[in-house]
Amino acid sequence: MAFPHRPDAPELPDFSMLKRLARDQLIYLLEQLPGKKDLFIEADLMSPLDRIANVSILKQHEVDKLYKVENKPALSSSEQLCFLVRPRIKNMRYIASLVNADKLAGRTRKYKVIFSPQKFYACEMVLEEEGIYGDVSCDEWAFSLLPLDVDLLSMELPEFFRDYFLEGDQRWINTVAQALHLLSTLYGPFPYCYGIGRCAKMSHELWRNLEEEEDGETKGRRPEIGHIFLLDRGKLCSALLSSVDLEDMRMWKTW
């Protein structure tokens, strides 16, 4: 953790840039539905959304009313519905129930699904099974890192631990790699990268592949971040490591 009030402390990177990028991307996605629209938001995206684009900003881009995604009929009278959701099967069932209810009532509306942070093939398959894949447009709001303070970022991935460590699902590894790639693109290459554990190694390897695909983009830039540490939580240790946990650092690998 940095101490910006100390005169000898290094200057912190401007992480507010991440917030501006996420806001601009969301505005771009909303404007793909020109005119007034109602926005349905999943509960655990409300807090991140409020940090990035508050209600007044949404109103400026023709979001008329806000609704929480929940298991009950929608009361919206808008001709355009936009859904900001996690890539979860239950959300696809919910959206399908609304669209199919409109079909039965003979009502035609425009529907847009914005997945955050990414969409998965399984979600698109559910939409196809429900017979509404051709009725909705799908996009991604791929904000990778949410600034919580001047020196604190969050990926806002509540399902990562359960999916990877308990169920062996590796789908979020790509999201971690994309976040690392975004950091290196905005703030220059990382001079030193350390890690321990299988998950950390996979994330690093995928990130390096992304870097190689865009070779030269960060070369010659002054790095604003000196060291990256990838901590694998496979041991279920506390985020605030004790002296015993720190013994493992002798096994850390430099990449």
Side-chain angles (χ1 to χ4, degrees), residues 1-4 9-19 21-22 44 48 86-87 116-118 120 140 142-255:
M1 185 173 178
F3 297 89
E11 185 178 350
L12 291 170
D14 180 16
F15 288 132
S16 65
M17 190 185 307
L18 295 167
K19 188 181 295 186
L21 285 173
D44 63 1
R86 299 285 191 185
S116 180
Q118 66 186 92
F120 293 128
E140 293 178 337
F143 86 87
S144 303
L145 294 161
L146 176 67
L148 301 179
D149 207 334
V150 292
D151 59 355
L152 182 63
L153 306 175
S154 171
M155 291 199 66
E156 298 296 309
L157 292 178
E159 293 162 316
F160 185 101
F161 181 82
R162 184 201 66 199
D163 287 352
Y164 180 81
F165 291 106
L166 300 184
E167 299 182 4
D169 190 337
Q170 300 177 6
R171 59 181 176 167
W172 297 112
I173 297 295
N174 179 65
T175 307
V176 177
Q178 292 285 355
L180 290 170
H181 180 57
L182 178 62
L183 283 178
S184 64
T185 300
L186 295 178
Y187 304 107
F190 309 138
Y192 303 99
C193 187
Y194 306 89
I196 184 171
R198 183 167 175 265
C199 181
K201 182 175 175 58
M202 286 193 296
S203 299
H204 178 268
E205 289 177 347
L206 188 53
W207 163 57
R208 292 306 305 167
N209 290 339
L210 293 172
E211 295 285 297
E212 290 171 5
E213 290 175 5
E214 301 180 18
D215 188 33
E217 187 172 317
T218 60
K219 284 184 177 179
R221 292 188 55 187
R222 181 181 67 84
E224 297 184 52
I225 299 174
H227 298 74
I228 290 289
F229 295 88
L230 303 177
L231 282 74
D232 198 317
R233 293 290 303 275
K235 285 191 173 183
L236 304 181
C237 62
S238 169
L240 302 176
L241 300 177
S242 68
S243 58
V244 175
D245 297 318
L246 291 171
E247 287 294 315
D248 283 341
M249 285 191 177
R250 290 184 296 183
M251 300 295 293
W252 280 36
K253 297 179 181 179
T254 306
W255 293 315

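Residues meeting the side-chain hydrogen bond (donor to acceptor under 3.5 Å, both in side chains) test with Glu159, sequence neighbours left out: Arg88. Checked against side-chain hydrogen bond (donor to acceptor under 3.5 Å, both in side chains), Thr175 has the following partners two or more places apart in sequence or in another chain: Gln118. The salt bridge (charged side-chain N to carboxylate O under 4.0 Å, His left out) check on Glu140 picks up nothing, with sequence neighbours excluded. With sequence neighbours excluded, the residues satisfying salt bridge (charged side-chain N to carboxylate O under 4.0 Å, His left out) with Asp169 are Arg171. Residues forming a side-chain contact (heavy atoms from CB on, under 4.5 Å) with Leu153 (at least two apart in sequence, or on another chain): Phe15, Leu18, Leu145, Pro147, Leu183. Partners of Ala177 by side-chain contact (heavy atoms from CB on, under 4.5 Å), not counting sequence neighbours, listed by chain and number: Leu206, Trp207, Leu210.
At a threshold of 4.5 Å between non-hydrogen side-chain atoms, the residues Tyr164 and Met202 count as touching. Residues Arg86 and Pro158 form a side-chain contact, since some pair of their non-hydrogen atoms from C-beta on lies under 4.5 Å apart.
For residues 179-200, the set of pairs meeting the salt bridge (charged side-chain N to carboxylate O under 4.0 Å, His left out) definition, not counting sequence neighbours, is empty. Residue pairs meeting the salt bridge (charged side-chain N to carboxylate O under 4.0 Å, His left out) criterion with at least one member in residues 176-188, sequence neighbours excluded, do not occur. For residues 172-192, the set of pairs meeting the salt bridge (charged side-chain N to carboxylate O under 4.0 Å, His left out) definition, not counting sequence neighbours, is empty.
Between Pro223 and Pro189, the shortest heavy-atom distance links the atoms CB-O, 3.0 Å. For the pair Cys193 and Leu230, the tightest heavy-atom approach, listed with the atom from each and the gap, is SG-CD1, 4.5 Å. When all heavy atoms of Phe143 and Pro48 are compared, the pair lying nearest together is CZ-CB, 4.0 Å. Residues Leu180 and Ser203 come closest through the heavy atom pair CD1-O, 4.5 Å.
Residues Glu212 and Arg208 are not paired through a salt bridge, judged by the lack of any N-O separation under 4.0 Å between the basic side chain and the carboxylate.
Between the CZ atom of Phe190 and the CD1 atom of Ile228 there is a distance of 4.0 Å, given to the nearest 0.5 Å. Of the inter-residue distances, the one linking Asn209 atom CG with His181 atom NE2 reads 11.5 Å to the nearest 0.5 angstrom. Atom OH of Tyr194 and atom CG of Leu231 lie 13.5 Å apart (nearest 0.5 Å). With values rounded to the nearest 0.5 angstrom, Ser144 atom OG is found 11.0 Å from Leu146 atom CG.
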(request) Quick one: do Trp172 and Phe120 satisfy ring-ring contact (aromatic ring centres under 6.0 Å, His included)? Show the steps, please. (result) CA-CA 10 Å; Trp172 297 112; Phe120 293 128; 5.2 Å; yes
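Between the side chain of Asp14 and the backbone N or O of Ser16 there is at least one donor-acceptor pair closer than 3.5 Å.
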